[in-house]
Each structure stands twice: as C-alpha cells, then as structure tokens.
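Below is one structure; the comments refer to it alone.
Atom set for the values below is all heavy atoms of this structure, side chains included, hydrogens, waters and symmetry mates excluded. Just so you know, residue 1 is the first one in the sequence shown, and it goes up from there.
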Amino acid sequence: MPSSFRFRLRGTRWLAAAAICCASLVAAVVYHVVYAHGLDTLTQLGRHRAELFSAGLKSSIARYDYLPTLLALNPEVARLLREPHDPAQVDRLNRYLARINAEAQSSALYVIAANGTTLAASNWNQPSSYVGSNYAFRPYFRDALAGGTGHFYAVGATTREPGYFLAKPVRDAGRLVGVVAVKIDLAALERTWRQSAEKVMVSDDNGIIALAADPAWKFAALDELDARQRARLTSTRQYYTSPLPRLSVVWHDDDQLALDGHRYLVNTTPLPILDWRMRILLDLQPLKTTAGLAGLASALACWVVMLLVLYARQRTRRLRERLAARDALERTVTERTAELAEANAQLTREIAERRDTEARLRVTQHDLVQTSRLAALGQMAAGLAHELNQPLAALATYAGNTRQLLARGQRDLAEDNLDQIAALVERMARLTSQLKLYASRRRAEGSGAGTALPDQALDHVRHWMDARFARAGATLITAMPPHAPLLPLEPAALEQVLQNLLANALDAMPPDALRREVRVSAGEDDSGRRWLEVRDSGTGIASELIDRITEPFFSTKPLGQGLGLGLAIVRGLIEDSGGRLGIANADDGGASIMAVWPPSAAPTGEPA
C-alpha cells in the first residue's frame, strides 16, 4: 500500500473521529443551554400562574368573611341562644338563615350553642339538616368559642361534602354564648382549575391534598402519615372515612417530581390560610423534547459543516495533485476558490443561527405577553373584591335594619335606610368604573379633573362608617377650617381615599389601646399647597415597612382582614390628580398619611 494513500486514510479517520466528538459536544452544549433557558422560562410562568390561582382561592374565601360577623351581631341570634327551646324563635331564625344563605350563595349558615349542638341552620328543611347535630369536636367551633375566628377545611360530618368553614363567636352582654358558622363550597373553583387544564393541588400541613384540579389526587397524601397524624385527623374527622392513601409521587428534587409516568416542574407557594401550600405542576416532557430536537439539529448541522470541510479538503487536494505541474497563477486561483468555499460555509452557519435566535425571541415575547395579561387580570379581580367588600357589608347591615324597622312600623327611618342603600349602590357603580382603570394601569381622559370639598366627602364616609367606629370604640376628630379648600379629586375618588384611609387607621389601633382616636384634617398653606391628613393613635409603622405598604398585595393585617390593595389604590388616585402621598410616624405616636398637592394642581371653580 503506498505511503501517501495510508497517510490520507489515517487523516480521513482522524477527521471522522473529530467530527463525531465535535457533533456530540455541540449537541450536549445546545441541549443544556436550551433546557436551562426553558426551565427558567417555565419557572417564571409557574410563579405567575401560582399568583393568579392563589389570588382566586383567597378571593373565594374572603368574599364570605363578613357573613358570620354580621350574623353574630344580629339580636335574633343572641335571643335564640338565650331561648333555645322556643319553637317560634327557632323557625323564624331558620327561615332567616335560609334567605341569607340563598342571597350570599354560600353552602350553609348555622348557629351552634356553647355545648356544640346546632340550634338553627339554613338547611333546616333538608334531609341533611345540621339542626340537632353536635360539632363540638370541630376545631373551628373550639377556636370561635374561645373568642377568635375559626378556620377549617373538612368533609362535612352530616352532608359528607367537603367545604371550608368560617366561624365567629356570638356575645350576649359581653358573654360568649355560641357560634355562627358558614360553610363555603370550593368545588366551583376546582372545576375552573380542571377546565383550564392546569395541574394544581393544595395540600394541608399534614401533606394531604385538600383541593386539586385532578379528582384522583383529592384526599391523597404526598408522604406516608404516621400514627400521630392519623390519630389527630380521626379525632377531628377532618376527612371523615377517607383512607388517605399515599399519592404515587417520586420527588427528584425540591422543585421536581414524577407522577403518573410524567416528570413535572413544581412551583410551591405557601398560603397562610390553614398553613396550606399550593403547587403548580408543569410538564417537563415538552421542554425535554424541544431541547433534544435543538441538540439533534445542532449535531446534524455540525456534521454537515464537517462534511463540507472534508469535501472541500479532498477536492482541494485532488486539484492540487492534478494542477501541480501548472504555473503559480493557477495555484493562486485554486487557493482563492477554497477560501471562498470556507467563507460561504461560515455565512450559512451565521444565517442559521440568526434565524434560530429570532424564532426563540418570538416565542419568549409571546409567553411574556400572555403572562402579563394573566397578572393584570388577577390584580383587577382582587382590587374589585377589596373595594366592594365594605359597601357590600354596609348594604347587608342597612338591609337588615330596614327589615326590622318595617316590621316595627317605623317607615320614616326605613325610608332613610333605603336612601342610604341607593347611595351605596351608586357609589359601587362609580367604584367599578374607577377600579377598571386602576387594574389596566391606564388613565382615563379627564381623570383628576374634578374637584370636591373634603368636609362634604367626610360627612358621607362618616355616615357609612359610624357603626364600625362604634364597634371599635374609636373617636373620629375633624380639624378643618370654616371654608375647607377644594381638592383636585372627583367626589367619588375623594370618598374612596377617605374610606380606605379611615379603615386602615381603625385596623392600625390595637383593641386594648387606652386612646383610640382618628384625626382628619385638611387645609391650604400660604404658598397655595393643599393637603389632606389622616392620623391615628396606634403603634405606628415599622421603619422597614414604610416604603412597602403602598405596594399592591402587601399587607401587615392578619389573614382574611385585607388584600393589601387599599393604600395602592389611594396612592394611584392621589398621583393621578397631580399630588403626592407621604407616610410617616407621628411624634406623639401613631401613623400619619398625608396627601399634598402643589399649587399647580390647585383646582378652581365650584366642586363637581
């Protein structure tokens, strides 16, 4: 065998081996890069979906938080607990609870005596009536009877249907005499998850799946339950007779698991509600397929390039052997032809890389647009629920008072209550329009162009919140000049600002405080600046939280007492009208929230 042929054969083998190694290396690098990038994108998508679903769950529970509180204040409830053996009283309250339950669209409303026996219920005339059943073993009853708020999710001991239970204590002359409870059905929320084709599950502190998009996961345990856990669950009958089997899940990491033959990326979001955890499962198989295809395509491209280089090398060598006898000019032309072929191959690679980059950019932009739409929708829904909660509570109170006044024949007072209800309905309509603008983060034309007098707006808000100030034992102090200055806000917007600030001030003062005062003042200084201030006598705001309390969904209140949107809405209304919101701790204790408008924003003319 000629030595030149053996040399070419060895060179060809070496190039083939180099091509295989290079293609394998490129495929591995491209696979890991595409997989890591896709994993980051999938993680962000899971985080945004978890925020949306958790906001929906909290909203579904928070919308009923007012019901047991209002019923606990009804004197008919306390009268029944004093006279539990009066059939007429029991029948009257049964029918009343049935009407309230139908209006509120809750699962059930019922009144429990201090010994745990149910005296009246909205389902009194149904086969699964709660009347006569004893729920002393339920944690929500014990928590409420101790003076707190009872929260519990369980399978109903009477109906065998799962639900979320909220309970409030009933006091009669300062003494705890019973409990009012509401059962909330979350099946509609689970159906929504199921229709969206999302893999969502919510587990309790024992690792038992309480809510799930897949019915096969419900009441299954993520880990084996020990004897102590099963004994505690048996004592509360939380899941009644469910065997609580372990779900066939295999954890590969803190954020990845295998279930039903699929591997998922897990986004875990803690929920303060009952120490729950929400998990969003995102299938990793499409990402692996995409990364594998990208690696394979890159390996094939590398092979093509290597074959082109090998072909060019062999062709150049043959041409060089055939034209060895020719002069230098022909050799120069041959060399330039080889350089042109290499440049063409390089240009082909660059074009392919740019096309791949543009395709990935378009996919990423589309994902970001969809994610932003979902986040905006969640914020708008949560904001609407927050702003309408207090007017709805006031409507329920006015409606109950009107019914009693009509029963007593006091028509003048009843008509006055109806006027207040009409005013609240009109205000809710205005709030709905303004909250739509806030949720979409766009200013409507003419926003902030109206004017309002702070003393008139405060009179309206004071009338709505007198009952709440009375319950809190707080005093509202007004410090305004005889001729209060016009503020550059529409009357509805100014009422919205005052209601949010007064509600926050009441919540900021501890129940055991010796002095519970809220001071509202407004005025104008010599430079033409106009201001509005609300100050409370509470404990103030921690310095590290002052810059964060106006962020949407940030709240220092306990669970169920707020969504963290009040101050965010106030800040948006003030800044849209050209003003600035300042938050500080007062020297004599408590917090001071002040809105200031520069002279350029000062209104003229009569109030809108």
Distance-only criterion, 3.5 Å: show the donor-acceptor pairs between side-chain atoms of residues 583-593 and protein atoms not counting sequence neighbours.
| from | atom 1 | to | atom 2 | distance (Å) |
| --- | --- | --- | --- | --- |
| N585 | OD1 | I541 | N | 2.7 |
| N585 | ND2 | I541 | O | 2.8 |
| S592 | OG | E533 | OE2 | 2.5 |

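Residues satisfying the side chain to side chain contact (heavy atoms under 4.5 Å, CB included) test with A102, not counting sequence neighbours, are none. In terms of the ring pair (Phe, Tyr, Trp, His ring centres under 6.0 Å) criterion, Y66 has no residue partners (sequence neighbours excluded). Judged as a ring pair (Phe, Tyr, Trp, His ring centres under 6.0 Å), and not counting sequence neighbours, the contacts of F219 are Y239. Annotation: ring pair (Phe, Tyr, Trp, His ring centres under 6.0 Å) contacts of F141 (sequence neighbours excluded): none. Every side chain to side chain contact (heavy atoms under 4.5 Å, CB included) that A154 has, sequence neighbours left out, goes to R138, F152, F165, Q238. Residues satisfying the side chain to side chain donor-acceptor pair (under 3.5 Å) test with T159, not counting sequence neighbours, are K183. For R171, there are no side chain to side chain donor-acceptor pair (under 3.5 Å) partners at least two apart in sequence or on another chain. Among residues two or more places apart in sequence or in another chain, the side chain to side chain donor-acceptor pair (under 3.5 Å) test is passed with T397 by none. For R142, the side chain to side chain donor-acceptor pair (under 3.5 Å) criterion is met by no residue, not counting sequence neighbours.
Among pairs with a residue in residues 69-85, those fulfilling salt bridge (charged side-chain N to carboxylate O under 4.0 Å, His left out) read E76-R79, E76-R92, R82-D172, at least two apart in sequence or across chains. Within the structure, salt bridge (charged side-chain N to carboxylate O under 4.0 Å, His left out) contacts touching residues 156-169 (residues at least two apart or in different chains) do not occur.
Of the residues listed (L501, I477, L502), the one engaging V520 in a side chain to side chain contact (heavy atoms under 4.5 Å, CB included) is L502, and it is the only one.
Note on R462 versus D466: no salt bridge recorded, every NZ/NE/NH1/NH2 to OD/OE distance being 4.0 Å or above. Between R515 and D536 no salt bridge is recorded (no basic side-chain N to carboxylate O distance below 4.0 Å).
Note: Y153 and W276 meet the aromatic proximity criterion, with ring centroids under 6.0 Å apart.
Rounded to the nearest 0.5 Å, atoms CD (Q229) and CG (L244) are 10.5 Å apart.
In the model, D185 has no side-chain atom that pairs as donor or acceptor with a side-chain atom of Y164 under 3.5 Å.
Ring geometry, F53 versus W193: the interplanar angle exceeds 60°, so the pair is classed perpendicular (tilted spans 30 to 60°).
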